**Q** 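Before I ask anything, here is the structure I am working with.
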There are 2 protein chains.
Amino acid sequence: MSEGKMSIREQLQNRFDELTRAEKQLTQLLLQNYPASGLGSITDLAKRSGVSTPTVARLVQKLGFAGFPQFQSALRAEVGAELSNPIDKYNKWAEHAPDEHILNRFADSVSKNVRQTFSRLKTEEFDEVCALLANTDHHLKIVGGRISRSLADYLFTHMQVIRPRVTHMTSNSNAWPHYLLDMNRDDMLVIFDVRRYENDLRRLAEMAHERGAKIILFTDQWGSPISRIAAHKFNCHIEVPSAWDSSIVPMLILEALIAEVQKANWDQTKRRMNTLEDLFDRTRMFRKFT
Amino acid sequence: MSEGKMSIREQLQNRFDELTRAEKQLTQLLLQNYPASGLGSITDLAKRSGVSTPTVARLVQKLGFAGFPQFQSALRAEVGAELSNPIDKYNKWAEHAPDEHILNRFADSVSKNVRQTFSRLKTEEFDEVCALLANTDHHLKIVGGRISRSLADYLFTHMQVIRPRVTHMTSNSNAWPHYLLDMNRDDMLVIFDVRRYENDLRRLAEMAHERGAKIILFTDQWGSPISRIAAHKFNCHIEVPSAWDSSIVPMLILEALIAEVQKANWDQTKRRMNTLEDLFDRTRMFRKFT
DNA sequence: TGAATTGTGAACAATATTTTACAGATGCAG
DNA sequence: CTGCATCTGTAAAATATTGTTCACAATTCA
């Protein structure tokens, strides 16, 4: 396709990689709020995207326009075309993709899932879980199911940096009895169990519960059988246009939890992160000379 | 409704009758091709609507604007509002929680990240990657960094069910040379590399590339150095109100990819899933009696 | 370190806007 | 038809704003 026939948006997307840092920054604003952000004055655009005026002038020339006014009038022409096309009028996630594209349908579902989940979620409970996870008197054990293992891993990787006394119980359920041996009322057990609830997990939860461990459960909107004995639980909506379930909502809650726990434990975390940096450096050094 | 809250279009329509001949003519052009026609210069607008410049100036003042630039910037604001995404603008995520609660701030950021990412993402590229991943002639290898390992794991777990010939390269980079041994132009390598780009990953990518492997890269908005040699890449926005980066957007794209690849490979996948069910059943049986 | 990129500030050029004065056009009332 | 008020266009000048460009310093990155 010749550049002449490409929309400015397409040009910006296609040539994004060959742009410099400031140009990318500018382009991102343009794409993000397209095309409105490009319709003001050049100084306005520069200021709002945080680059200098000459940078804007340089970019539009790089794109092949004689000057900013030419660029802008091309943009205006697109406003006319875009707004008169009723299909494009309704908003989408990826504005230039058809509504029916899987990406748009997915983003819609996820957005709906988040809203539905949050409508049931009590922020007080969220805050309590934060406090629990930040409490390093208690040992934190994490375990997931076949699919949700990745979530468990994700939480573990972060918690390991943020606080001491964290264990990821491998998905190999043969090893679980060993962990149960040492489990008592000083333990917190984070369990991920979504649809196709796994029997092994249920049994593990029951035994941990009998030993007095506090269970924090991430499950789906219908609720794993472990709900009954969980001290806290998050019911995440997970339906998407796919044969599989979505892990987005639980991950979103996880990330928010991680952010909050980290904030609560900041002093401790900072020390741990510094030490970690140091260790990484020394590993790198070590490698360099071998 | 006060005039202040009326859109310019409504104002023009409501006050149409009290306008003079030339003003009506001008207004008609404005409404007919709204709002694009009002975004050029005042002389342009005058010429195209067949009235004189002062007439335009007089009209906008009659409408209550200090001058044409003010009128125009109001118009621009409407373009922005009309085209920008209303999906979550007037919609708190957790309605009963304060705006400032971390969960709401997180959901906002994520929503923004999705939109920003999608504004740069070419759906054609997404479709191409789908086709690649669905092609079982090629071996699929997956590898991630320290944090993004969970994403690699997530993709692996699903792909393993959907298609044969999938490998998760462990994060222990000591083992990578073994994988490189067998790597050639029949291989696809999915790499996750976000900020704090890891040198080991870069070197791995370079060597894989030299051997002809096709690289599919998941990186952040700034782009890992691997971008240069990647056949396809996804730049995911990852900034959230946290000391850590968000993995939500890459995971969203992953899930959509998984859904599409699964659909493309449905016959094959169905057989594999049945076999898998069967294997699970037999394992469970086996356990029950030991 | 050296090259490329970016920002600053200013000067200048180019455009756009506003305003004014006036003349022609229009429409209407008498 | 006339005269008057209103509307409109023209032209031009004054002003304001905007775009362009440059030199140079600061920054970044390899």
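From a predicted model like this one, the values you see are computed outputs, not experimental measurements. By convention in this document, chain letters (A, B, ...) are assigned in the order of the sequence lines, proteins followed by strands, and residues within each chain are numbered from 1.
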**Q** Rounded to the nearest angstrom, tell me the gap between atom CD1 in B/Ile42 and atom C1' in D/dT15.
**A** 14 Å
**Q** How long is the line joining CD of B/Gln72 and P of D/dT17, in whole Å?
**A**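 Checked: the CD to P distance equals 14 Å.
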**Q** Is A/Thr53 near enough to D/dT20 that one of its side-chain N or O atoms lies under 4.0 angstrom from OP1 or OP2?
**A**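 For A/Thr53, the contact criterion (side-chain N or O under 4.0 Å from OP1 or OP2 of D/dT20) is not met.
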**Q** Whether A/Lys62 and A/Glu18 form a salt bridge (side-chain N of Lys/Arg under 4.0 Å from carboxylate O of Asp/Glu) is what I want to check.
**A** no
**Q** Could you tell me the separation between the CD atom of A/Gln25 and the P atom of C/dG7, rounded to a whole number of Å?
**A**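 For the pair A/Gln25 CD and C/dG7 P, the rounded distance is 7 Å.
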**Q** What is the distance from NZ of B/Lys24 to P of D/dC7, rounded to the nearest Å?
**A**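 In whole Å, D/dC7 P lies 12 Å from B/Lys24 NZ.
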**Q** For DNA chain D, whose closest nucleotide is more 5', that of B/Arg21 or that of B/Pro69?
**A**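 The residue whose closest nucleotide sits nearer the 5' end is B/Arg21.
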**Q** Quick one: is D/dT17 close enough that its OP1 or OP2 comes under 4.0 Å of any side-chain N or O from A/Thr43?
**A** no
**Q** Counting only heavy atoms not in A/Arg48, do more than 12 sit closer than 6.0 Å to its CZ atom?
**A**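 Buried by this count: over 12 neighbours within 6.0 Å.
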**Q** Taking the nucleotide of DNA chain D with the closest heavy atom to each, which residue, B/Thr20 or A/Gly67, is nearer the 5' end?
**A** B/Thr20
**Q** Which sits closer to the 5' end of DNA chain C, B/Ala66 or A/Val51, going by the nucleotide each is nearest to?
**A** A/Val51
**Q** Hey, which of B/Leu132, B/Ile191, B/Leu189, B/Ile142 is the one that makes side-chain contact (heavy atoms from CB on, under 4.5 Å) with B/Ile216?
**A**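 When B/Leu132, B/Ile191, B/Leu189, B/Ile142 are each tested with B/Ile216, the side-chain contact (heavy atoms from CB on, under 4.5 Å) holds only for B/Leu132.
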**Q** Whole angstroms only, please: what is the CD-P distance between A/Gln70 and D/dT20?
**A**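 For the pair A/Gln70 CD and D/dT20 P, the rounded distance is 7 Å.
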**Q** For A/Thr157 and B/Arg149, does a side-chain donor sit closer than 3.5 Å to a side-chain acceptor?
**A** yes
**Q** Please report, rounded to the nearest Å, how far the C1' atom of C/dT17 is from the CG atom of B/Leu59.
**A**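 The distance from CG of B/Leu59 to C1' of C/dT17 comes to 15 Å, rounded to the nearest Å.
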**Q** Could you tell me whether the phosphate oxygens of C/dT19, OP1 or OP2, come under 4.0 Å of any side-chain nitrogen or oxygen in B/Gln61?
**A**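 The answer is yes; a side-chain N or O of B/Gln61 sits under 4.0 Å from OP1 or OP2.
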**Q** Can you figure out which of D/dT21, C/dT20, C/dT17 approaches the side chain of B/Phe68 most closely?
**A** C/dT17
**Q** What's the CG-P distance between A/Leu45 and D/dT18, to the nearest Å?
**A** 13 Å
**Q** In this structure, how many angstroms lie between the C1' atom of D/dG9 and the CZ atom of B/Arg58, rounded?
**A**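 These atoms are roughly 8 Å apart.
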**Q** Report yes if a side-chain nitrogen or oxygen of B/Ser41 is closer than 4.0 Å to either non-bridging phosphate oxygen (OP1 or OP2) of C/dT15; otherwise report no.
**A** no
**Q** Contact class for B/Gly40 vs. all strands (heavy atom < 4.0 Å): base, sugar-phosphate, or nothing?
**A** nothing
**Q** Quick test of your reading of the model: are B/Glu206 and B/Arg203 salt-bridged, counting only N-O distances below 4.0 Å?
**A** no
